[in-house]
Asks: 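Pasting a structure below so you can have a look.
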There are 2 protein chains.
Amino acid sequence: MSTTSVRDVARHAGVSVGTVSNVLNRPDRVSPDAVDRVQRAIEELGYVRNDAARQLRAGRSTTIGLVVLDVSNPFFAEVARGAQEEAAAHGFTVLLGSSDEDAERELSYLDLFEKQRVHGVLISPNGDVDERLRRLRSRGTPAVLVDRRSEDGSLSSVAVDDVAGGRLAVEHLLESGRRRIAFVGGPAGVRQVADRLLGARAAADGVDGAGLEVLETASLTVLEGRRAGEEIAARPAEDRPDAVFAANDLVAVGLLQALVMQRSLRVPRDIALIGYDDIDFASTAVVPLSSIRQPSRLIGETAVQLLLGEAGDPGKPPQDVVFQPELVVRASSA
Amino acid sequence: MSTTSVRDVARHAGVSVGTVSNVLNRPDRVSPDAVDRVQRAIEELGYVRNDAARQLRAGRSTTIGLVVLDVSNPFFAEVARGAQEEAAAHGFTVLLGSSDEDAERELSYLDLFEKQRVHGVLISPNGDVDERLRRLRSRGTPAVLVDRRSEDGSLSSVAVDDVAGGRLAVEHLLESGRRRIAFVGGPAGVRQVADRLLGARAAADGVDGAGLEVLETASLTVLEGRRAGEEIAARPAEDRPDAVFAANDLVAVGLLQALVMQRSLRVPRDIALIGYDDIDFASTAVVPLSSIRQPSRLIGETAVQLLLGEAGDPGKPPQDVVFQPELVVRASSA
DNA sequence: GAACTCTAGTGAACCGATTCAGGGTCGGGC
DNA sequence: GCCCGACCCTGAATCGGTTCACTAGAGTTC
């Protein structure tokens, strides 16, 4: 185990350990000559800094912990990317964990982060972690919620206005002349679903002759979407909605598949369709899918900014940043 | 910063720091009474172990670094999941990084891992990192390649036999009576694409009257697949293949979309279709897609096992594990 | 030339968990 | 009564990078 330490470097360069450390951290305080000798020594010995020792002395690491519900979900993948980039720009690293919607896993990541004396925690929580995060914060480790607000406003958060998103989608359908709108999504207990429906309802309520029907699904998957689509396709024409707002793009893709199979039905002629999230697949569907886009990368970046802001000034009051979603119109609702 | 240390716990419990450490690591060597007092003290003080100090002393961390080409690719998401689970079972944690096919990013993750004195590195390499990994190994940090072999056999690897996968796909098409096969995928320089084509060709060569046409695409995306599909659909019937093997499922989905739009064509009646990777979307496509499944989770698990094996016995010769892919038949080729 | 300021560099102390040589106690064997 | 082993516990030393009080020497000021 040829672990070269600052002491070895110092000896090899003919300086003291303090000088080596200064070269590494504040080269301006060291004479050019010494900088040179130390750097050559580092090169020759193949020295690599030991982060553990550094962190031990510093009291906290330069790592930011991020726990998302599911890495393979493109939304979170983008959030993670944004966070990573913003963190890197400030010299931090992101430790990424996927809770897979499992409360136990979620807690085990928080345990790990705490043991690692992480600089801060970003989390899109699944279970009830507010208590846990407050404890972290009381020890000097700030936490920022992603895609959810803290219940009592004691933690900062970055989220998207899902109510506005729902409104945006249905307003768009109404503007293109549709009146019999169906909302497909579920379970109703999920906050995102509930908020999108709330916005949808608000938009529909504002227009004369507009009706909003709700088809609840068991989950937000292609299969569930198709099931709902088949149900709709099987109805007599006079009972069918003339537009469908799906709570996410997967559901919309399923709906689209079911509707396209029914040769007598056309999208968007007979039924307009709009999804939510604007995943990559949306634009490449048989009929390119209209959708509501969330600034996912920006969410990640902002979360890191809030976090570093709090880390720099522990007394700072929590802040809630809410982004507005954006309507993306494609063929499925044109 | 109320950082409680073992010393605080020891004082509070009326024992020595050594005993506290023993309670934490080898409770069997401590009297039940002392275990009890220490645990109560830990509880009361809210003590959390400092991993940095632990790692500093131990010389290496209990973390395994994993660099994948792209987290949002379901294949790698599964590999990561498998690795995470296997690692957790041995008390290790996985630090996940996504290189996004950027060689610089890839190296910066390796830098980080080296500074962190990671226990080992798993990587699905993009750039040329063999040199770098050998340096790591010479310092006692083993590395295992994922989804690629090492060029000179000096590193262990876990991969899937893509030649066999290509053969499997085309054999299946041939068995169901097809003879005019088209291979769609690219760029040809990508090893996975080349291997799958190699297998496809081997299968086609073995059967009388069978022909294999190659349509190269610029990338493995839905859009490129659709482009190829439109080209095929536009041909006169006698020039069309009666089966298509797509180099991955995204391409297959694009092909399927283009073929389905052409109302006179039916999948699989006129053209059978098979993809590769068996992503979630494959089974939920309009016509459920046949595909070649790779044991992605198992790859992750195995990679961790190889890694820990090498970490335990540095002299161990490198090992190449090759998994066999599996044919999944669905409606698109039935 | 005494007093002062700068700059560059030194090295012991420190962070906190783990290890290990050493010591105390008790019961059993002879 | 003495010795031995088993058992439990102690606390100083250690890992390696950073910090900080301090020294040395060169340059400035009055």
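Protein chains get the first letters and strands the later ones, always in sequence-line order, with residue 1 at the start of each.
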Asks: Return yes if a side-chain donor-acceptor contact under 3.5 Å exists between Gln55(B) and Asn50(A), otherwise no.
Replies: no
Asks: Given dA12(D), dG16(D), dC9(D), which nucleotide is nearest the side-chain atoms of Ser31(B)?
Replies: dC9(D)
Asks: Quick test of your reading of the model: are Lys115(A) and Asp111(A) salt-bridged, counting only N-O distances below 4.0 Å?
Replies: no
Asks: Take Asn50(A) and Gly18(B), find for each the nucleotide of DNA chain D with the closest heavy atom, and name the residue whose nucleotide sits nearer the 5' end.
Replies: Gly18(B)
Asks: Answer with base, sugar-phosphate or nothing: what part of the nucleic acid does Ala34(B) contact at a heavy-atom distance below 4.0 Å?
Replies: sugar-phosphate
Asks: At under 4.0 Å, does any side-chain N or O of Thr19(B) touch on OP1 or OP2 of dC8(D)?
Replies: no
Asks: Would you tell me whether Glu310(A) and Ser156(A) have side-chain atoms, one donor and one acceptor, within less than 3.5 Å of each other?
Replies: yes
Asks: Atom CZ of Arg11(A) and atom C1' of dG16(D): how far apart are they, to the nearest Å?
Replies: 13 Å
Asks: Hydrogens and angles aside, do Ser31(B) and Asp33(B) bring a side-chain donor and acceptor to less than 3.5 Å of each other?
Replies: no
Asks: Side chains of His119(B) and Thr62(B): does their closest heavy-atom pair fall under 4.5 Å?
Replies: no
Asks: What closest approach, in Å, do Ser99(B) and Arg105(B) show between heavy atoms, and which atom pair accounts for it?
Replies: O-CD, 3.1 Å
Asks: Quick one: label Arg26(A) by what it contacts on the DNA or RNA (base, sugar-phosphate, nothing), any heavy atom closer than 4.0 Å.
Replies: sugar-phosphate
Asks: Is the shortest heavy-atom distance from the side chain of Ser21(B) to the side chain of Val6(B) under 4.5 Å?
Replies: no
Asks: Using only heavy-atom distances, decide whether a donor-acceptor pair under 3.5 angstrom links the side-chain of Arg57(A) to the base of dG16(D).
Replies: no
Asks: Give the minimum heavy-atom separation between Asp102(A) and Glu104(A), together with the two atoms involved.
Replies: OD1-N, 2.8 Å
Asks: Looking at Arg81(B) and Glu78(B), does any basic side-chain N land under 4.0 Å from a carboxylate oxygen?
Replies: yes
Asks: Starting from P on dT10(D), measure out to CG on Asn22(B) and report it in whole angstrom.
Replies: 10 Å
Asks: Roughly how many Å is it from OH in Tyr47(A) to C1' in dG17(D), rounded to a whole number?
Replies: 6 Å
Asks: Any base atoms under 4.0 Å from Val20(A), or only sugar-phosphate, or nothing? Heavy atoms, all strands.
Replies: nothing
Asks: Find the distance Asp28(B):CG to dC8(D):P and express it as a whole number of Å.
Replies: 9 Å
Asks: Take atom CG of Asp280(B) as the centre, draw a 6.0 Å sphere, and report whether it contains more than 12 heavy atoms from other residues, nucleotides or ligands.
Replies: no
Asks: So, OP1 or OP2 of dT18(D): does either fall under 4.0 Å of a side-chain N or O from Asn25(A)?
Replies: yes
Asks: Expressed as a whole number of angstroms, how long is the span from Gln116(B):CD to dG17(D):P?
Replies: 14 Å
Asks: Applying a 4.0 Å non-hydrogen cut-off, can you work out what Ser21(A) is touching in the nucleic acid: base, sugar-phosphate, or nothing?
Replies: base
Asks: Rounding to an integer number of Å, can you tell me how far Leu56(A) CG sits from dT14(D) P?
Replies: 17 Å
Asks: Starting at CZ of Arg29(A) and ending at P of dT18(D), how long is that distance when rounded to a whole Å?
Replies: 13 Å
Asks: Earliest and latest nucleotide of DNA chain C, 5' to 3', sitting under 4.0 Å from a non-hydrogen atom of chain B?
Replies: dG16(C) to dT19(C)
Asks: Scan Arg7(B) against the nucleic acid and name what it touches under 4.0 Å (heavy atoms): base, sugar-phosphate only, or nothing.
Replies: base
Asks: State, to the nearest 10°, the angle formed by the axis through the first five base pairs of the helix from dG1(C)-dC30(D) to dC30(C)-dG1(D) and the axis through its last five.
Replies: 50°
